Amino acid sequence: MLLLGLILLPVAGALLAYVGRTARLRNALLLTAGAVHTLMVAFLWRRPHSVALGGWLASDALGLMVLTVVSILFLAISASGQKPWKNGR
């Protein structure tokens, strides 16, 4: 379930941010999604060999390292305030 959440959370956050009316709402949605995603990656480190979808989706050491770097970068960019829609959509 955690592995599916790691995939579906950014998709849901991106879709909600796309339909968001104001830049402030989009920023809040992306920051929240980034923070929750980073926490989910931290929980995945506690259970490193998780499996989902009957073995079609699994975590391994290299995948955890890459996922951690990507998640931290996404959170840092979301928190920095450097968004492409700062001056418009």
Side-chain angles (χ1 to χ4, degrees):
M1 189 62 134
L2 185 62
L3 290 174
L4 289 176
L6 283 168
I7 294 172
L8 296 177
L9 178 71
V11 172
L15 289 174
L16 289 172
Y18 180 74
V19 298
R21 297 269 182 208
T22 64
R24 184 175 180 173
L25 176 64
R26 291 190 297 265
N27 290 343
L29 283 169
L30 289 178
L31 183 59
T32 302
V36 172
H37 191 269
T38 304
L39 285 174
M40 290 172 74
V41 171
F43 285 129
L44 190 60
W45 275 98
R46 306 275 297 183
R47 290 187 280 161
H49 299 291
S50 297
V51 177
L53 299 176
W56 283 90
L57 188 61
S59 64
D60 63 349
L62 180 60
L64 276 175
M65 299 271 289
V66 171
L67 185 62
T68 301
V69 170
V70 169
S71 185
I72 290 172
L73 283 174
F74 178 67
L75 180 61
I77 290 170
S78 296
S80 72
Q82 299 297 321
K83 309 294 186 299
W85 56 79
K86 200 158 193 149
N87 295 328
R89 192 162 208 176

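Computed from a predicted structure; not experimentally measured. Count residues from 1 along the sequence.
Both Val41 and Met65 are members of a single hydrophobic cluster when ILVMFWY side chains are connected at heavy-atom separations under 4.5 Å. Under a hydrophobic clustering in which Ile, Leu, Val, Met, Phe, Trp and Tyr are joined whenever their side-chain heavy atoms come within less than 4.5 Å, directly or via other members, Leu9 and Leu3 fall into the same cluster. Leu75 and Leu73 fall into different hydrophobic clusters, defined by Ile, Leu, Val, Met, Phe, Trp and Tyr side-chain heavy atoms under 4.5 Å apart, directly or through other members. Residues Leu57 and Leu2 share a hydrophobic cluster, clusters being chains of Ile/Leu/Val/Met/Phe/Trp/Tyr side chains in contact below 4.5 Å.
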Using atom types as modelled, flag every donor-acceptor pair under 3.5 Å from a side chain in residues 28-40 to any protein atom, sequence neighbours excluded.
unit_1	atom_1	unit_2	atom_2	d
Thr32	OG1	Ala28	O	2.8
His37	ND1	Ser71	OG	3.0
His37	NE2	Leu6	O	3.2
Thr38	OG1	Gly34	O	2.8
Thr38	OG1	Ser71	OG	3.0

Donor-acceptor list for residues 43-55 side chains, cut-off 3.5 Å, not counting sequence neighbours:
unit_1	atom_1	unit_2	atom_2	d
Trp45	NE1	Thr68	OG1	2.8
Ser50	OG	Arg47	O	3.0

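Residues Arg21 and Arg26 come closest through the heavy atom pair O-NH1, 3.7 Å.
For residues 56-65, there are no side-chain hydrogen bond (donor to acceptor under 3.5 Å, both in side chains) pairs, not counting sequence neighbours.
Counting side-chain heavy-atom gaps under 4.5 Å among Ile, Leu, Val, Met, Phe, Trp and Tyr, the cluster of Val66 also holds Leu62, Val70. Within the hydrophobic cluster formed by Ile, Leu, Val, Met, Phe, Trp and Tyr side chains joined at under 4.5 Å, directly or through other members, Leu15 is accompanied by Val11.
Remark: Ile72 CD1 to Ile77 CD1 distance equals 12.0 Å, nearest 0.5 Å.
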